[in-house]
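Notes follow the structure.
Naming: A, B, ... by sequence-line order, numbering from 1 per chain.
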Amino acid sequence: MMMSRENYLTKELFIQIAKNNGLTPEGPYADKLYDYVNVVMSSVRALEELDVSGVEPLTLSACFEEAAK
Amino acid sequence: MNKKELCFQSATELGPLIQAKEISPVELTRAYLERIEMVEPRLNSYITLLSEEAMQGARQAEKDILAGGYRGPLHGIPIALKDLYYTKGVRTTSGCKLLDSFVPSSDSTIGERLNEAGAILLGKLNMHQLAYGITGENPDYGDSHNPWNTDLITGGSSGGSASAVASGECVIAMGSDTGGSIRIPGSLCGIVGLKPTYGLLSGHGLASLAWGQDHPGPMTRTVSDCALAMNIITGTDYAKTLNSGVKGLRIGIPQEFNKMAVDAEVKSAIATAIDRLQALGATVTEVSWPLLAKAAPIAAILQMSETTAYHSDLIKTSGSKLEESIRVSMEGGYFISAHDYLLAQRARVLYVRESLKMMKGIDVLVSPATPITAIKIGLKQYEVDGKKKHVISLLTQFVRPFNVNGFPAITVPCGFSQAGLPIGLQIAGRPFAEETVLRAAHAYEQSTDWHKRRPSV
């Protein structure tokens with residue numbers, strides 16, 4: 001599912017994902033979690049600036065071995 | 001030597017005395033238990049104290065040593081473990097009341113090694129709830145208190161480990177570091193804390209925070225004790241090159257570090273420490289680390305996803321009983337997609353490759369461990385350089401980059417503020433270059449007296 005990064009999660013989608021994962025956030029706590037999730041998505045946006053094409057998700061050990069070659 | 005002095009001896013000092021039968025493990029353990037009884041009401045370093053078991057272990061150690069069965073430099077030495085190290089038959093809470101009745105059926109691998117070496121386990125140490133925080137505050141078992149000023153945080157998550165070592169409540173403590181959780185409390189409590197290379201020490205039998213960034217490690221009053229603990233745990237001799245000095249050591253200082261907020265007293269202490277290393281024969285060059293700014297977002301996405309996966313059952317059954325900021329972080333992990341998690345993993349590879357390239361012409365990186373000294377318990381924001389900063393981002397800014405690339409990094413005391421609070425110098429090296437990191441830290445430590453200061457508690 002493609003989601004807009006400008007408004008990463010609508011409240012409706014937030015509630016849907018929460019329900020799908022068995023979460024039942026309610027009242028002020030739900031608002032706090034919603035705000036937090038949207039802040040975290042700014043971290044995702046910060047990484048989208050990087051060009052990761054051709055980069056495999058290696059483990060740290062594999063990165064260290066690669067450097068040792 | 002009086003009992004208080006005994007409790008501030010290092011393992012490298014105590015070992016030969018125990019071997020020579022000049023100090024008895026029973027006498028030593030009793031001194032530590034008395035010290036704990038005296039200072040615990042003010043510090044709250046321990047969640048579970050194992051007084052009877054420790055005395056029983058000490059009596060056995062004494063019997064074995066008298067019978068000629070000396071096992072080595074940790075035989076009869078009182079130690080303690082952060083309460084996320086599994087201990088057979090002893091509750092392991094991870095600093096969370098929801099796990100108050102969890103009693104593992106086996107020891108962690110690190111605990112086993114220390115036990116085989118004859119160390120005496122005094123107890124399980126306080127920590128930030130589920131290791132998900134860097135202040136050492138804990139609503140379930142009470143906050144850890146800084147021995148240099150008990151109104152202040154210890155730092156965390158290994159807060160009890162740091163306060164216990166700093167105040168003479170154990171000789172060596174084991175901590176764990178996912179986003180600075182050994183080095184932050186190490187710096188704020190004025191002790192030595194090593195986060196070894198990722199994967200060097202076994203994480204088997206440790207409750208996890210984030211699998212890809214968890215690093216177990218030793219916390220001690222001296223660098224030589226830190227090397228000794230590493231010797232015992234890994235079977236490699238990290239002490240053999242400790243005294244080789246730093247002549248010709250190439251120190252790098254990332255120019256990006258110079259742009260970060262740092263308290264003036266900390267800045268001054270670090271500059272003086274770098275001057276000292278240069279006077280000892282090291283050279284200093286500025287290096288560039290452009291992807292450093294990506295360390296925090298990479299760490300955040302990976303940690304949230306992995307923590308949520310690890311604690312999924314706990315969140316589902318008892319999430320509402322967790323401290324609210326921890327609950328928010330844990331439940332927030334459900335909203336990170338597989339695409340975002342893999343983006344962070346791929347970004348991490350770029351970050352590690354750049355880190356390795358940067359280190360090609362240098363041996364170690366040097367920085368403050370924490371940009372500020374210990375702050376009041378309960379503070380969420382703190383002003384540095386005229387700007388209010390979030391305490392979490394402030395305290396993690398210099399340490400977290402090395403959880404993301406997995407490089408070894410140590411904090412060693414390098415001064416005190418005018419308020420009498422410790423300042424920590426961080427020295428980081430290339431993967432598996434613990435010998436170099438320990439050698440540099442030892443050379444610096446031995447040229448100063450900071451590690452000899454004791455809190456008045």
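For chain A, the nearby part of B/Ile315 is the side chain; its heavy atoms alone come within less than 4.5 Å. If you measure heavy-atom distances from B/Thr197 to chain A, the contacts under 4.5 Å come from the side chain alone. For a residue to count as touching a neighbouring chain, one of its non-hydrogen atoms must lie under 4.5 Å from one of that chain's; by this rule A/Asn20 does not touch chain B. Residue contact with chain B, scored on non-hydrogen atoms closer than 4.5 Å, is absent for A/Ala62. B/Val328 touches chain A through backbone and side chain together, each having a heavy atom under 4.5 Å away.
Both tests pass for A/Lys11 against the ring of A/Tyr34: distance under 6.0 Å to the centre and angle within 45° of the axis. With B/Phe407 as the aromatic partner, B/Arg430 does not meet the cation-pi criteria of under 6.0 angstrom to the ring centre and within 45 degrees of the ring axis.
Put simply, the residue from B/Val287, B/Val364, B/Leu365, B/Ile427 that forms a side-chain contact (heavy atoms from CB on, under 4.5 Å) with B/Ile251 is B/Val364. A side-chain contact (heavy atoms from CB on, under 4.5 Å) with B/Trp289 is found for one member of B/Gln255, B/Met359, B/Glu354 and no other, namely B/Glu354.
Among the candidates B/Leu291, B/Leu342, B/Ile336, B/Asn405, the residue making the largest number of heavy-atom pairs closer than 4.5 Å to chain A is B/Asn405. Counting heavy-atom pairs closer than 4.5 Å to chain B, the top-ranked of the candidates A/Leu58, A/Leu23, A/Val37 is A/Leu23. For the options B/Ala344, B/Gly333, B/Ala300, B/Ser329, heavy-atom pairs under 4.5 Å to chain A are most numerous at B/Ser329. Between chain A and the options B/Arg353, B/Arg327, B/Arg348, B/Lys357, the largest number of non-hydrogen pairs under 4.5 Å is found for B/Arg327. Most heavy-atom pairs under 4.5 Å with chain B, from the set A/Asn21, A/Val40, A/Leu50, A/Leu33: that is A/Asn21.
Looking only at side-chain heavy atoms (C-beta outward), A/Glu49 and B/Lys294 come within less than 4.5 Å of each other.
Under 4.0 Å is where a charged nitrogen must lie from a carboxylate oxygen, and between B/Arg346 and A/Glu56 no such pair does.
Under the 3.5 Å distance criterion, with hydrogens and angles disregarded, a donor-acceptor pair is assigned to the side chains of B/Ser325 and B/Glu323.
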